[in-house]
Every structure is written in C-alpha cells, then in structure tokens.
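Letters A, B, ... are given to chains in the order of the sequence lines, protein chains preceding strands, and every chain is numbered from 1. Atoms considered below: every heavy atom in the structure, side chains included; atoms not considered: hydrogens, waters and symmetry mates.
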Amino acid sequence: MKIPPVKGTRDFYPSEMTRRNWIIDGWKKVSVCNGFEEYDGPIFEYLKMYQIKSGDEIVEQLFSLQDRGGRDLAIRPEITPTLARMVNQQVNALPRPIKWFSVPRLCRAERPQKGRLREFFQWNFDIIGIDSPEADAEIIFTSLDYLRTTGLTSADIKAKISSRKLLAAVLTALGIAAEQFDTLYALLDKRTKLPPETFAELLAEQIPDSQQASRISAFMALESVEQIESVVPADEAVQNAITELKAVFAALKLMGVSDYCVFDPGIVRGLAYYTGVVFEIHDVVGQLRAICGGGRYDNLLRDFGGPAIPATGMGMGDCVLEILLHEKGLLDSQVPRRYLEYFVAFAVPTHTRTMYEIAAQIRSRGHSANFSYKLGGLSKQLKEAASQKAGKCVIIGQEYVDKQELVIKDMATGEQVLVDLGRFLSELEPD
RNA sequence: GUGAGAGUAGCUCAGCUGGUUAGAGCACUGGAUUGUGGAUCCAGGGGUCGCGGGUUCGAAUCCCGUCUUUCACCCCA
C-alpha cells in the first residue's frame with residue numbers, strides 16, 4: 001500500500017535539500033554578520049501560548065494535540081511566543097539589547113496555495129530592549145542585507161514601511177473613535193488589493209462622514225513621510241510618529257539601503273500586537289505575497305507575563321522567497337551542485353582491494369571519495385565518476401603494480417599526472 | 001471553511017465524439033566500449049490510467065463520491 005505525503009508538506013530530495021540549505025545558510029550567515037545570536041525552542045508548546053497572542057480563532061489554524069497527561073499542546077505555528085517566554089524566564093540575567101535569531105520549522109493547518117504550505121521554515125530575528133527607531137531600521141536593514149546577497153536588487157524588491165503609531169495618531173486626529181480602529185485596520189490593509197471603487201464603498205460603510213473618509217483615502221495614497229502634514233492636522237501624536245519614521249528612513253539611508261525603501265501607509269499588517277513601525281518586503285511586480293514582514297511590538301513580553309520591554313522583529317518564510325529567487329534565475333545559478341572530490345577507479349582487475357584502501361585513506365584525511373561497486377571496466381567507472389560530478393579520478397593501473405604510482409585524472413580538463421602513492425596521500429593532509 | 005481547474009511510467013505529457021495487447025520524450029539500467037568519462041547509437045525494465053462505486057456488450061475516456069494537487073477567496077502569526 002502506497003502512502004502519499006501529507007497535504008501541504010514537502011519531501012526534500014538531495015537537489016531540493018541543497019536549495020534549502022543554501023537559503024538557510026544565507027539567513028544564518030547574515031544574522032551573525034549583523035550581530036544576532038541563534039536560539040531555538042521546542043517544536044510544541046502549550047496551546048494556550050498561541051491563544052494569548054492571537055485569540056481563539058487561531059486554534060483552527062494550527063495543529064494541536066493532547067498528550068497522555070491531558071495537556072493541550074500545539075505544534076508551533078510561529079516562534080515569537082516561544083521567544084517571549086524564553087526572554088521572560090531570564091529577563092533579569094540577559095544583557096541588553098537582546099539580538100537573537102532563529103530558523104524554526106513551523107506548521108500551520110491552513111489550506112495550501114502558492115507560497116504557502118503547511119510546513120515551512122521561517123527566519124526570525126528580533127531586537128529586544130531598545131525602543132529607538134534605529135532598532136527598527138536595523139531589523140529592516142538585516143532583512144534587506146540578506147535579500148541583496150542573493151542578487152535581488154532594488155529593481156526587484158521594495159521594503160514598504162509605515163507605522164501603526166502614525167496610523168492611530170492620524171485616525172485620532174481625524175476624529176475617528178479608537179474602538180473602530182481594529183475593523184478599519186483590516187480594511188486599510190486590503191486597500192491595494194481591492195478595486196478603488198470597492199474600497200471607497202467599504203470605507204464609506206465604516207466612515208459615513210465623507211470628509212473623514214476622503215481624508216483617510218488621501219492619507220493612504222501618500223508616497224512620502226514629508227507629505228503627511230499636508231493632509232492631516234499634525235498634532236503632537238502625529239508629529240511624534242512622523243519624527244520616528246523619519247529617523248527610521250534616515251538610519252536606512254546611512255546603512256546604504258534607501259534605494260530599497262519606500263513609505264507606504266497601506267502597510268498595516270493583520271496582527272493586533274504591532275505598536276509602532278511596521279514593514280513588509282514585496283516583489284516589485286507584486287504577483288507574490290509578501291516575502292517577509294515585521295515591526296515593533298512593545299507590549300508582547302508584558303502580555304506574556306513579563307515586564308514591559310520594547311521589541312521589534314521580523315519573520316521571513318522560505319516558500320515565497322524560493323519562488324521569487326527561482327523566477328529571477330538566482331537559484332540554479334548559485335546553489336552549489338553536488339561535488340565529489342575523488343573517485344577511485346581501477347584499471348587492473350587484480351587490484352580492486354587497493355581501491356577500497358585508497359578510498360578509505362582519502363576519506364580519513366577529510367576528503368570525499370567514492371568508488372564503483374560494479375567492478376566493471378574503466379570506461380564504466382569513469383562514466384560513474386562523471387555522473388557523480390567527481391573533480392578528480394584516482395586510477396589504479398599497471399603503474400601502481402610496478403612503481404606504486406597512481407594516475408590522477410582531472411575530470412574537467414582531462415589532464416592526467418602520475419603521482420607516487422605516498423606523496424599523493426601526504427598532499428591530502430590538512431596544512 | 002467556500003469556489004474553480006487538474007490527476008495516464010520517476011518527470012513532462014499524447015491517447016479523437018467510449019472500441020483489440022495504453023504510447024512518446026527525458027530519466028534509469030544494460031550493451032556497442034576489459035586502460036579513459038559527460039556525446040552518439042541500440043536494447044531493456046518500469047503503469048491495478050489517483051482510489052471507490054455506477055452507466056455500458058465494452059470505460060484511461062461518460063456519471064457520482066472520495067483523496068491529492070494547482071489557483072483564488074477567508075485568514076495570514
């Protein structure tokens with residue numbers, strides 16, 4: 001009986017595995033370069049942890065289970081609650097700022113579609129304990145720093161940046177009641193996805209005052225931070241939010257990525273916990289969902305029972321990223337292919353045992369080596385070596401029988417040299 | 001959870017309005033080639049046509065259900 005793979009999961013055959021490793025290695029390398037330390041937690045947690053942050057509806061979107069002690073658990077759909085828990089546990093002992101990253105494997109019980117599966121990897125990093133806008137800028141910078149190392153340019157992707165604090169201040173300045181914010185956020189977040197007329201209709205339903213509605217629309221259409229004051233009465237709260245955003249953009253300019261960054265008031269993000277700067281990075285064509293997203297969440301640690309400590313961070317999944325990199329031709333050209341350093345072959349049928357010995361000697365010196373199990377002719381062995389992408393072939397021939405000399409064949413150029421066995425092995429030793 | 005398309009060899013697909021024994025390319029294995037590889041040529045293996053039921057003398061083909069998959073919606077941590 002054939003058992004199919006589970007819905008929304010992927011099998012990583014060697015060729016897919018090299019791609020996955022290349023992406024994750026890139027994430028980790030950039031994290032370390034930007035001063036982050038790696039952490040990880042368990043792949044399941046108490047179900048309650050996710051309900052605290054996201055409410056009861058979330059239970060349907062995750063894989064939950066009960067252990068034999070009757071504990072309600074869930075496979076992690078995100079790692080931020082784990083991070084909050086871990087930080088809270090040792091909050092007084094940890095030096096600030098806390099700059100940590102992780103690449104957790106996550107599961108969500110959603111219906112799979114393009115760029116979204118039920119099991120995936122997500123790069124997360126956060127700066128905890130710093131409330132200055134430069135920390136938000138560093139989060140955005142680090143995301144872009146990775147993406148540009150893959151070869152994506154500012155013509156391919158843009159970081160769209162806004163601020164929850166700004167949006168709230170603007171809505172308040174326009175006379176909108178705070179109780180309306182959450183439903184309004186959901187609508188504003190969809191603005192660019194809806195036809196303009198549909199958006200206007202839905203907005204009118206929520207904001208009957210046409211003057212208020214048109215000023216909201218005007219704000220949402222802005223393209224730079226400088227224009228804000230021309231549309232909205234800049235009271236103190238709005239002014240503060242503008243100052244913060246300007247500081248973020250100024251820092252991004254100093255870090256050299258301003259080409260990638262734009263102000264976009266349409267970036268709201270679904271999650272209620274964001275409190276300040278929010279951002280998403282999108283492909284310029286706009287056919288894919290967001291490559292990554294993040295922002296400031298100053299209340300989360302307190303919500304998880306800890307002290308009020310400011311935090312900002314981001315998450316980037318592997319699915320959309322891989323689609324984009326593939327479409328841009330940046331995967332096949334950069335992901336390392338299989339490579340075998342040595343393939344040991346024999347030309348003298350009496351020396352098959354020597355083949356095993358030499359392969360073992362090469363391996364024990366830290367180099368990769370294979371040989372053929374088929375014991376066929378040299379032609380066959382070389383063919384097998386070629387299919388394994390061997391760099392060099394070591395051929396045991398009559399010269400070995402006579403003088404202990406090996407033929408070393410460079411598979412790329414076809415050149416061959418005769419080398420004494422002892423010398424060959426000593427040159428394999430690490431310096 | 002809602003809606004639409006798809007499912008034939010490992011992969012990409014052909015197979016007409018139902019009609020003998022289900023095909024191709026690529027991949028894989030072997031041979032041409034017992035001291036020289038990626039090319040070429042030849043041969044071979046591999047399919048309960050996703051699964052279950054129905055209609056029919058006869059189903060890969062038509063109908064229903066189901067599973068998987070793709071895309072969109074809801075949601076998006």
Side-chain angles (χ1 to χ4, degrees), chain A residues 1-11 13 15 45 49-55 57-62 74-84 104 106-118 120 122 124 126 185-186 189-190 193-194 268-274 278 280 287-290 292-295 297 300 313-317 319-320 323 340 343 345-352 372 374-401 406-416 418:
Chain A
M1 180 178 162
K2 258 190 197 169
I3 298 174
V6 174
K7 179 202 273 277
T9 62
R10 289 171 287 180
D11 293 328
Y13 287 84
S15 65
E45 293 272 5
M49 278 226 319
Y50 305 109
Q51 291 170 306
I52 289 175
K53 188 181 149 203
S54 310
E57 326 79 68
I58 217 69
V59 175
E60 301 192 353
Q61 309 259 40
L62 44 76
I75 300 176
R76 64 187 179 189
E78 55 169 331
I79 203 170
T80 310
T82 302
L83 172 67
L106 306 177
C107 294
R108 299 177 183 174
E110 295 171 301
R111 190 164 235 183
Q113 53 187 284
K114 191 175 189 184
R116 187 206 266 179
L117 297 169
R118 288 184 158 192
F120 55 96
Q122 191 183 64
N124 284 256
D126 300 85
Y185 285 166
D189 195 42
K190 280 182 211 158
K193 289 179 197 163
L194 297 170
V268 180
R269 308 272 303 150
L271 214 60
Y273 75 62
Y274 287 113
V278 284
E280 288 177 359
Q287 289 302 306
L288 300 171
R289 54 181 68 242
C292 70
Y297 55 97
L300 190 68
M314 88 99 223
M316 179 186 298
C319 302
V320 173
I323 293 169
L340 180 75
F343 194 96
F346 63 90
V348 182
T350 51
H351 279 65
T352 56
S372 177
K374 291 193 197 104
L375 305 181
L378 182 58
S379 174
K380 279 274 179 287
Q381 296 177 74
L382 287 174
K383 198 166 193 164
E384 196 168 340
S387 81
Q388 293 188 20
K389 311 284 184 247
K392 288 179 177 171
C393 264
V394 176
I395 302 169
I396 303 157
Q398 194 57 43
E399 301 89 341
Y400 182 80
V401 178
L406 296 165
V407 176
I408 309 297
K409 180 184 179 75
D410 185 304
M411 294 297 278
T413 63
E415 282 172 30
Q416 302 188 168
L418 274 171

Between B:C49 and B:A59 - P atom distance, rounded Å
12 Å
Expressed as a whole number of angstroms, how long is the span from A:Tyr400:OH to B:G35:P?
19 Å
Inter-nucleotide C1' distance (B:C13, B:G7), Å rounded:
12 Å
Any luck finding a side-chain donor-acceptor pair between A:Arg76 and A:Gln122 under 3.5 Å?
no
Just the rounded figure in Å: distance from C1' of B:C11 to OH of A:Tyr13.
11 Å
Please determine whether a side-chain nitrogen or oxygen atom of A:Arg108 lies at a distance below 4.0 Å from atom OP1 or OP2 of B:C76.
no
Is there a donor and acceptor pair closer than 3.5 Å between the side chain of A:Lys7 and the base of B:U68?
no
Base, sugar-phosphate, or nothing for A:Gln398, non-hydrogen atoms under 4.0 angstrom?
base
Is A:Glu110 salt-bridged to A:Arg118, going by a charged N under 4.0 Å from an acidic O?
no
Under 4.0 Å, heavy atoms only, any strand: does A:Lys409 hit a base, just the sugar-phosphate, or nothing?
base
Modelled atom types, side-chain donor and acceptor of A:Ser372 and A:Gln381, under 3.5 Å:
no
Taking atom P in both B:G18 and B:C75, compute the distance separating them and give it to the nearest angstrom.
44 Å
Salt bridge check: are A:Lys409 and A:Glu415 linked by an N-O gap of less than 4.0 Å?
no
Ignoring backbone atoms, establish whether A:Ser379 has a side-chain N or O less than 4.0 Å from OP1 or OP2 of B:G37.
yes
Rounding to an integer number of Å, can you tell me how far A:Leu378 CG sits from B:A32 C1'?
17 Å
Across all strands shown, which nucleotide pairs with B:A32 by Watson-Crick or G-U wobble geometry, both distances under 3.5 Å?
B:U40
Between B:G10 and B:C28 - C1' atom distance, rounded Å
8 Å
Paired with B:C13: which nucleotide, if any, by Watson-Crick or G-U wobble criteria at under 3.5 Å for both distances?
B:G23
For B:C64 and B:A77, measure between their C1' atoms and round to the nearest Å.
40 Å
Specify the separation, in whole Å, of atom CZ of A:Phe346 and atom P of B:U36.
14 Å
Counter-base of B:U66, judged by Watson-Crick or G-U geometry with both distances under 3.5 Å:
B:G50
Distance check: side-chain N/O of A:Lys383 vs OP1/OP2 of B:A39, anything under 4.0 Å?
no
Classify A:Gly414 by what it touches in the nucleic acid, base, sugar-phosphate, or nothing, heavy-atom distance under 4.0 Å.
base
Kindly point out which of B:U36, B:G38, B:C75 is positioned nearest to the side chain of A:Gln61?
B:C75
What contact category does A:Val407 fall into here, base, sugar-phosphate, or nothing, at under 4.0 angstrom with non-hydrogen atoms?
base
Residue matched to B:A60 through Watson-Crick or wobble contacts both under 3.5 angstrom
none
For nucleotides B:U70 and B:A27, find the distance between their C1' atoms and express it as a whole number of Å.
24 Å
Euclidean distance for C1', B:U21 against B:G58 (whole angstrom)
15 Å
Suppose we call a contact any N or O donor and acceptor under 3.5 Å apart; does that hold for the side chain of A:Glu399 and the base of B:G35?
yes
Whole-Å distance, A:Glu45 CD to B:A77 P, equals 19 Å
Give me the atom names and distance for the closest heavy-atom approach of A:Phe343 to A:Ala385.
CG-CB, 3.4 Å
Pairing check on B:G3: which nucleotide meets the Watson-Crick or G-U wobble criteria with it, both distances under 3.5 Å?
B:C71
Validation row: A:Cys319, A:Gln113 side chains within 4.5 angstrom (heavy atoms):
no
A:Leu375 atom CG is separated from B:G30 atom C1', nearest whole Å, by 16 Å
Between B:U61 and B:A22, how far apart are the C1' atoms? Round to whole Å, please.
12 Å
Walking RNA chain B from its 5' end, the first of A:Arg289 and A:Pro112 to be reached, judged by nearest nucleotide, is A:Pro112
Ignoring hydrogens, what is the shortest heavy-atom contact between A:Pro112 and A:Gly8? Give both atom names and the distance.
CG-CA, 3.8 Å
Would you state whether a donor and an acceptor, one from the side chain of A:Gln416 and one from the base of B:U36, lie under 3.5 Å apart?
yes
Closest to side chain of A:Tyr274, choosing from B:G37, B:A77, B:C74:
B:A77
So A:Gly8, base contact, sugar-phosphate only, or nothing? Heavy-atom distance under 4.0 Å.
sugar-phosphate
With nearest nucleotide decided by heavy atoms, which residue, A:Thr80 or A:Thr413, maps closer to the 5′ end of RNA chain B?
A:Thr413
Which is true for A:Arg116 with a 4.0 Å heavy-atom rule: it touches a base, it touches only sugar-phosphate, or it touches nothing?
base
Separation of A:Arg111 atom CZ from B:U68 atom C1', in whole Å?
11 Å
With side chains defined as the heavy atoms from C-beta onward, is the minimum distance between A:Leu288 and A:Lys114 less than 4.5 Å?
yes
Counting any heavy atom closer than 4.0 Å, what does A:Lys392 reach on the DNA or RNA strands: base, sugar-phosphate only, or nothing?
nothing
Distance check needed: B:A72 C1' versus A:Leu194 CG, whole Å only.
14 Å
Is the phosphate of B:G30 approached by A:Lys380 (side-chain N or O, under 4.0 Å from OP1 or OP2)?
no
How is A:Gln381 classified with respect to the nucleic acid when contacts are heavy atoms under 4.0 Å: base, sugar-phosphate, or nothing?
nothing
